[in-house]
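Accompanying notes for the structure given below.
Naming convention: chains lettered A, B, ... in sequence-line order (proteins, then strands); numbering from 1 in each chain.
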Amino acid sequence: MDQIRVTLPDGNVKEYPKGITPIEIAKCISPRLADAALVAKVYATDGNGSQSKTGIYANSVDPEPDGGLLYDLRRPLEQDVKLRILTDKDADALYVFRHSAAHLLAAAVTDLYPNVKLGIGPPVENGFFYEFLRDEPFTPEDLEKIEKKMHELAEKDLPNERKLLPKAEALKLYRDSNQLFKCELVEEKADEPMVSFYTTGKFIDFCRGPHIPSTKRIQAFKLTNVAGAYWKGQEGNAQLQRIYALAFYTQKELDDYLHRIEEAKRRDHRKLGTELDLFSIQDAAGPGLIFWHPKGGLIRTLIENWLRDELQKRGYDLVFTPHIMLFDLWKTSGHANFYKESMFGQMEVEKADYQLKPMNCPGHILIYKSKLRSYRDLPVRLAELGTVYRYERSGVLHGLLRVRGFTQDDAHIFCMPSQIESEVEACIDFAYAVMKNFGFDKFEVELSDWDPTHPENYPGKATDWEHASNSLAAVMNRMKIPYKRIVGEGAFYGPKIDVKLIDAIGRPWQLTTVQFDFNLPARFGLEFVGEDGARHQPLMVHRALLGSVERFFGILIEHYAGAFPLWLAPVQVEICPVSEKVIDYAKHLHETLKNHGIRVHLDDRNEKLPAKIRDAQLQKIPYMLVVGPKEAETGAVSVRHRSKGDLGPRPIADFVKALQEEIASRAIN
RNA sequence: GCCGAGGUAGCUCAGGGGUAGAGCAGCCGAUUCGUAAUCGGCAGGUCGAGAGUUCAAAUCUCUCCCUCGGCUCCA
């Protein structure tokens, strides 16, 4: 009989008969391992390592980045391999586990509702979904029923069996059962004569796998919601009902995740925005439009003042441009064409059409063009906290994070090719300085390039694109910033760098974007006079650091959970007199702090101290000053910090000094 | 825009064909108090808007608006 050589993770090489399965090998190693095993990972070692559709690569998922291939435990091995048995200690296997859980969901749904049409059911972050077409909507009660059925099926320990069918037979199977979406998938995806299926009890599904051996392990899951989703994500296609679920190896991990969701809810900027009286959205004014209340407005002013200061230090010129401009301008820029569906409608004034601005660039370009520019003037950096209005479809609006009117911390840099790297570097440096100022210290950077196989989709010469994206990459390398390069994701008008920050509870947010533009300088005929006396076209870079002030504010609220650092806190100090007997001292204290430029509020309500403390805590005011007869007598204050608690008494002057230092350093809590 | 769930007092929510409810917040009064809620009283709503069914609609039907969870899109 043929033998194959199997290399184990410890380096041992063993010979087994050809056709042995990973689970059998696991049993040889240790029964405990076999019991815990979920899936195998194999690497070709027989010289046939090319990823041709032969050997282990036939009818399989695509290899992982490390060249390994996830493999069913009961799938026979036909060639020499390196083998790892994965258990619930391996993150790689979680994806397989969730995928199997998706099949369990589909098995339960088809059991309960035999007439549903199946869409796709992949694992996703934290869980999985499966899509179904059914005339009636799935109700919350249906979800409960389905979840119960899933537990029932899981208990039965149904094996997930892989089987191969000829493509024609697969199509027939799905045609006969009227599974039109599955037919479409088989047609599209199956590029081999045999296609793989998986069965879970009575349920059978076209699937490349792999799957965990049986349903028994799938216990910690929770169906969360139903959402409409277009078939293949294409608007215009049929809309299926997508059932989302969370799934983890253990109940504890599921519970932990649910706690994190609770934490995110606790931080929700919409909830905190109301509770802390920061902003509102008014039915009477329309959706997606933000009202900044006094406290939110104060924070915004502080952020903007700090930012304007930085802009000036870094060589930007601050400008203002009109909110409405002639529609013809947007024809010149091209927005009237490619950005039309995102713009508010035109308005006619004295027979001329005007357009509410969705972008600031054309305005800045007009300022650039207002006079002849010399190479000596470059780079020209025009910055504006520019408020723009964009028509967003109603279903996508979300608190401060997705709105219809917002203010970008926008800037456009006009420069010579020789200046581009230093300009980009300065932008990135600026972005990091801004983020760090607000207490963010984790970032992800993406460099999005064009798709060089379709140059016809892009304006600008290929050499421009290459030069620009190479400059971006060079800057990243010089600054030692790790980044991900994404081909084909750049804007049509130029490559870009996006910086995402990671907030206090680990969520990524895309804020900063630095984008080249090969389109607008040509459309507007931008020029500068070079050293040679001839006219040249400048390079143009769009750049926003916070992105949108509204959105950034929303992110900040959630990042700080409403507890703004002292320098941004709308009320920095709450004075809590113990009783009305010391009201005069409290008033004196109030005046003193105010005169030192501190944002202070006196709680002179007829309430007991604990109530005042509680209310100040709920308002997340950084410092509470408890004053009673003891303090009044000695000219002191008893300091309580919102998170550090009671800090004890000290002289007023000491407190003021410490406070001023904390404000000036813009310390993060 | 599409699918689903919602919209009752400033906030959080109960009620579900027969006169609109609670807690908190607000106002008034009592209490003079030491680090997360003192007690009592008063006031507050065209039940998202419009139409329909009905003797009678917050409640049932339809249309629209807005919010939430997704899809798509995106700062």
> Taking the same atom, P, in B:rU46 and in B:rG4, what whole-Å distance lies between them?
Replying inline: 32 Å
> Between A:Arg507 and A:Asp503, is the closest basic N to carboxylate O distance under 4.0 Å?
Replying inline: yes
> So which nucleotide does B:rU19 pair with, by the Watson-Crick or G-U wobble rule with both distances under 3.5 Å?
Replying inline: none
>> Rounding to an integer number of Å, can you tell me how far A:Lys620 NZ sits from B:rA36 P?
In response: 16 Å
> Taking atom C1' of B:rC73 as reference, at what distance in whole Å does atom OH of A:Tyr339 sit?
Replying inline: 10 Å
> Quick one: A:Leu625 CG to B:rG34 P, roughly how many Å, whole number?
Replying inline: 18 Å
> Expressed as a whole number of Å, how far does the C1' atom of B:rG26 sit from that of B:rG10?
Replying inline: 8 Å
> Nearest of B:rG34, B:rU32, B:rA36 to any side-chain atom of A:Glu580?
Replying inline: B:rU32
>> Applying a 4.0 Å non-hydrogen cut-off, can you work out what A:Asp646 is touching in the nucleic acid: base, sugar-phosphate, or nothing?
In response: base
>> Please enumerate all residues that pass ring-ring contact (aromatic ring centres under 6.0 Å, His included) together with A:His588, with sequence neighbours excluded.
In response: none
> With a 4.5 Å limit on heavy-atom distance, are the side chains of A:Lys357 and A:Phe344 in contact?
Replying inline: no
> When you check the phosphate oxygens OP1 and OP2 of B:rA36, does a side-chain N or O of A:Arg640 lie under 4.0 Å from one of them?
Replying inline: yes
> Is A:Arg270 near enough to B:rC68 that one of its side-chain N or O atoms lies under 4.0 angstrom from OP1 or OP2?
Replying inline: yes
> Does B:rC33 have OP1 or OP2 sitting under 4.0 Å from an N or O in the side chain of A:Lys581?
Replying inline: yes
>> Let's test this: given Watson-Crick or G-U wobble pairing with both distances under 3.5 Å, identify the partner of B:rU38.
In response: B:rA30
>> When the P atoms of B:rC47 and B:rG41 are compared, how many Å lie between them, rounded to an integer?
In response: 28 Å
>> Can you confirm whether A:Ile146 sits close enough to A:Tyr113 that some side-chain heavy atom of one is under 4.5 Å from a side-chain heavy atom of the other?
In response: yes
>> So A:Val549 and A:Arg300, do their side chains get closer than 4.5 Å, heavy atoms only?
In response: yes
>> Can you check the distance between B:rU38 and B:rU32, where both ends of the measurement are the P atom (answer in whole Å)?
In response: 15 Å
>> So A:Lys612, base contact, sugar-phosphate only, or nothing? Heavy-atom distance under 4.0 Å.
In response: nothing
> Considering Watson-Crick and G-U wobble pairs with both distances under 3.5 Å, what does B:rU46 pair with?
Replying inline: none
> NA contact type, A:Gln234, heavy-atom cut-off 4.0 Å: base, sugar-phosphate, or nothing?
Replying inline: nothing
> Have A:Trp231 and A:Glu184 got a donor and an acceptor in their side chains that come within less than 3.5 Å?
Replying inline: yes
> Any idea which heavy atoms bring A:Tyr316 and A:Ala383 closest together, and the distance?
Replying inline: CD2-CB, 3.9 Å
> When every nucleotide of nucleotides 2-12 of chain B is labelled 5' to 3' by its protein contacts under 4.0 Å (heavy atoms), B for base, S for sugar-phosphate only, - for none, what sequence of letters results?
Replying inline: BBS--------
> If we call it a pair only when both distances are under 3.5 Å in a Watson-Crick or G-U wobble match, what pairs with B:rC24?
Replying inline: B:rG10
>> Looking only at the side chain of A:Arg393 (C-beta and beyond, no hydrogens), which of the listed nucleotides B:rG34, B:rG1, B:rC71 gets closest?
In response: B:rG1
> Is there a side-chain contact between A:Val388 and A:Gln408 (heavy atoms, below 4.5 Å)?
Replying inline: yes
> Which residue, A:Gly645 or A:Arg390, contacts RNA chain B at a nucleotide closer to its 5' end, judged by nearest heavy atom?
Replying inline: A:Gly645
> Is there a donor in the side chain of A:Glu574 and an acceptor in the side chain of A:His601, or the other way round, less than 3.5 Å apart?
Replying inline: yes
> Within this structure, what is the CD-to-P distance between A:Glu125 and B:rG70, rounded to whole angstrom?
Replying inline: 12 Å
> For RNA chain B, whose closest nucleotide is more 5', that of A:Gly288 or that of A:Gln510?
Replying inline: A:Gly288
> Hey, does A:Glu631 reach any base, or is it just sugar-phosphate, or nothing, if we go heavy atoms under 4.0 Å?
Replying inline: base
> Just checking, any donor-acceptor pair under 3.5 angstrom between side chains of A:His641 and A:Ser643?
Replying inline: yes
>> With a cut-off of less than 4.0 Å, is there a side-chain N or O of A:His398 near OP1 or OP2 of B:rU67?
In response: no
>> What's A:Val388 touching, base or sugar-phosphate or nothing? Going by heavy atoms closer than 4.0 Å.
In response: nothing
> Does the side chain of A:Pro565 come within less than 4.5 Å of A:Tyr560's, by heavy atoms?
Replying inline: yes
>> I need the CG-C1' distance between A:Leu143 and B:rG70, as an integer number of Å.
In response: 13 Å
> Side chains of A:Ser342 and A:Glu392: is there a donor and an acceptor less than 3.5 Å apart?
Replying inline: no
>> Protein within reach of the bases, or only the backbone? For nucleotides 37-49 of chain B, mark each nucleotide 5' to 3' as B, S or -, using heavy atoms under 4.0 Å.
In response: BB-----------
> So what's B:rU59 paired with, Watson-Crick or G-U wobble, going by both distances under 3.5 Å?
Replying inline: none
> Nearest-Å distance, CZ (A:Arg605) to C1' (B:rC33)?
Replying inline: 14 Å
> Expressed as a whole number of Å, how far does the C1' atom of B:rU8 sit from that of B:rA49?
Replying inline: 15 Å
> Knowing that exactly one of A:Gln241, A:Gln239, A:Lys117 qualifies, which makes a side-chain contact (heavy atoms from CB on, under 4.5 Å) with A:Leu133?
Replying inline: A:Lys117
> For the pair made of CD in A:Glu384 and C1' in B:rA75, what is the distance, rounded to whole Å?
Replying inline: 15 Å
> Is there a Watson-Crick or G-U wobble partner for B:rU67 with both distances under 3.5 Å, and if so, which one is it?
Replying inline: B:rA5
>> Measuring only the P atom in each nucleotide, how far is B:rG21 from B:rC42? A whole number of Å is fine.
In response: 14 Å
>> Can you measure A:Lys265 atom NZ to B:rU67 atom P for me and round it to whole angstrom units?
In response: 19 Å
> Looking at B:rA36, does its base get a donor-acceptor pair with the side chain of A:Gln619 below 3.5 Å?
Replying inline: no
>> Over all strands shown, is A:Ser638 touching base, sugar-phosphate only, or nothing at heavy-atom distances under 4.0 angstrom?
In response: base
>> Heavy atoms only, 4.0 Å cut-off, all strands: where does A:Leu397 land among base, sugar-phosphate and nothing?
In response: sugar-phosphate
